[in-house]
S.K.: 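Just dropping this structure here.
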Amino acid sequence: MVGDSTVAAGGGRRPGRFLLAVPLQRWAVWRLPRRGQVLFVVVVDVLAVAAVALAAVRFPPLASMLPPFALLAGGMLVTAELSRPVERHREDTLLGPGVDTPWVFAGVVVLRPGLAVALVVLSALHQWFRVRRRPVYRQVFGAASTALAGLVAGAFLTATRVKPIAAALDARTVALLVLAGLMFLSVNAALVTAADGPRPPREAAPGHAFDAAMTTFGVLFGWAALAAPLFVPFLAGATVVLHRGGLGRGRREHVTLDPGTGVLTAASWRGAAEAEVTRLGRHGPGQAVLLLDLDHFRQLNDRYGARIGDAVLRAVADTLRDEVRAADLVGRSGGEEFAVLLPGTGRFDAMAIAERIRLRVASTLVALKASGDGPQFVGVTVSIGVAGCGPDEVLADALLAAEAAVLRAKAAGRNRTFCAEPGLSSS
């Protein structure tokens with residue numbers, strides 16, 4: 001059965017289910033709380049496009065740079081895939097590429113601007129499709145900030161005649177590469193901080209250390225790509241081992257995971273969600289809450305047994321982790337119920353995310369024990385309630401509104417996504 005995306009209180013249909021179909025005037029960027037913030041994000045994006053175009057015309061790519069570009073691009077995608085389990089749970093840092101940073105900065109060191117920025121774009125696309133799905137304006141702004149930082153660092157290296165980099169690195173070259181790395185980090189940090197506001201030093205310190213470590217690896221990657229290409233896979237392997245071993249985890253502390261699904265328990269989710277709402281305060285477009293209730297789960301559990309029921313719950317939990325961002329909070333709020341907090345997400349974008357989750361869950365199947373007759377696979381659908389949690393609202397009210405939306409989705413036939421109108425409670 002095909003579900004509907006409907007506003008819970010009014011029943012009106014929302015045109016379009018996919019983010020790319022959203023009209024320009026409904027993009028989440030326009031709902032940022034300050035006009036200056038909106039203007040800054042747009043200006044940075046436009047400036048990045050203009051600067052990249054100008055640099056690409058002034059310094060066109062050379063054919064001799066295609067092999068190192070292919071090596072860096074291929075290595076970046078491989079290490080990004082191997083690091084996905086960590087990247088999905090790593091806290092956000094100022095540098096958007098995350099574990100891709102060594103490859104991006106290596107491109108800044110050894111490639112012309114057009115090819116270096118191509119690595120930034122490739123990294124952003126991989127994160128969008130495989131790791132973190134932020135709102136589009138955040139994804140674009142992150143790539144634009146990284147591209148501008150790379151152009152500044154690359155221009156410095158060109159002006160000081162470090163590029164093209166030599167096989168033997170003398171003390172002057174190393175010092176200039178360090179300065180270029182600091183420029184890369186500083187420009188990106190300045191742009192992101194100007195857009196989002198400063199973070200508390202204690203909270204930001206681990207992220208700064210991670211970004212600096214990844215940029216340092218970038219110098220080694222850039223040198224190896226030209227002087228010792230066969231050494232690149234060994235550097236890449238070391239990066240993945242360190243990253244997966246704990247360097248880039250940055251996981252949230254003091255939380256308890258549900259043993260059956262691997263997501264937060266109800267108490268841990270509530271505590272972490274309350275802390276996140278308090279931390280964000282009035283910054284950004286607010287938060288959104290999703291409540292998910294599996295349809296006819298008790299009948300499925302009675303018919304196929306607890307083992308299959310547990311497998312279905314694990315499959316749904318895995319789907320949720322796959323479809324949300326690393327910064328989002330996923331918890332099990334009841335026997336067959338899940339809750340998701342989407343920081344920095346407006347109601348309309350939350351509806352698009354919820355619909356994507358609903359469709360993905362409906363297509364997820366769990367294998368049954370082989371038998372002579374009957375279905376070999378079993379699946380489940382989910383009813384989802386969406387509610388916004390604005391800067392002046394509390395999480396408890398948003399949860400009540402989302403719960404009311406779930407009840408309306410159930411009453412409308414299940415396998416649907418309903419969004420509560422602002423101010424709607426459980427009444």
S.K.: For side chain to side chain contact (heavy atoms under 4.5 Å, CB included), just list the numbers for Leu313 and Arg332, CA-CA rounded to whole Å, side-chain angles, deciding distance to a tenth of an Å, and then say yes or no.
M.R.: CA-CA 10 Å; Leu313 289 172; Arg332 185 177 177 185; 3.2 Å; yes
S.K.: Do Ser123 and Asp100 have side-chain N/O donor and acceptor atoms under 3.5 Å apart?
M.R.: yes
S.K.: Any chance the side chains of Ser383 and Asp293 put a donor and an acceptor closer than 3.5 Å?
M.R.: no
S.K.: Can you check side chain to side chain contact (heavy atoms under 4.5 Å, CB included) on Leu191 and Phe40, steps first, answer last?
M.R.: CA-CA 9 Å; Leu191 292 173; Phe40 181 79; 4.0 Å; yes
S.K.: Taking the side chain as C-beta and beyond, is there a heavy-atom pair between Thr364 and Val316 under 4.5 Å?
M.R.: no
S.K.: Would you indicate whether the side-chain heavy atoms of Arg414 and His296 approach each other to under 4.5 Å?
M.R.: yes
S.K.: Could you tell me if Asp258 and Thr261 have a donor-acceptor pair between their side chains, going purely by distance under 3.5 Å?
M.R.: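 Asp258 and Thr261 do have a side-chain donor-acceptor pair below 3.5 Å.
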S.K.: Once the angle between the rings of Phe221 and Trp103 is folded into 0 to 90°, is it parallel (under 30°), tilted (30 to 60°) or perpendicular (over 60°)?
M.R.: perpendicular
S.K.: Looking at every heavy atom in both Gly379 and Leu300, which two are closest together, and how far apart are they?
M.R.: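 It is O-CD1, 3.6 Å.
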S.K.: Between Asp310 and Arg307, does at least one N-O distance fall below 4.0 Å, as a salt bridge requires?
M.R.: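 Answer for the salt bridge query: no.
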S.K.: Among side-chain atoms of Asn188 and Ser145, is any donor-acceptor pair under 3.5 angstrom?
M.R.: no
S.K.: Would you say Leu72 and Leu111 make side-chain contact, with heavy atoms under 4.5 Å?
M.R.: yes
S.K.: Minimum heavy-atom separation for Leu185 to Ala212, with atom names?
M.R.: CD1-CA, 3.9 Å
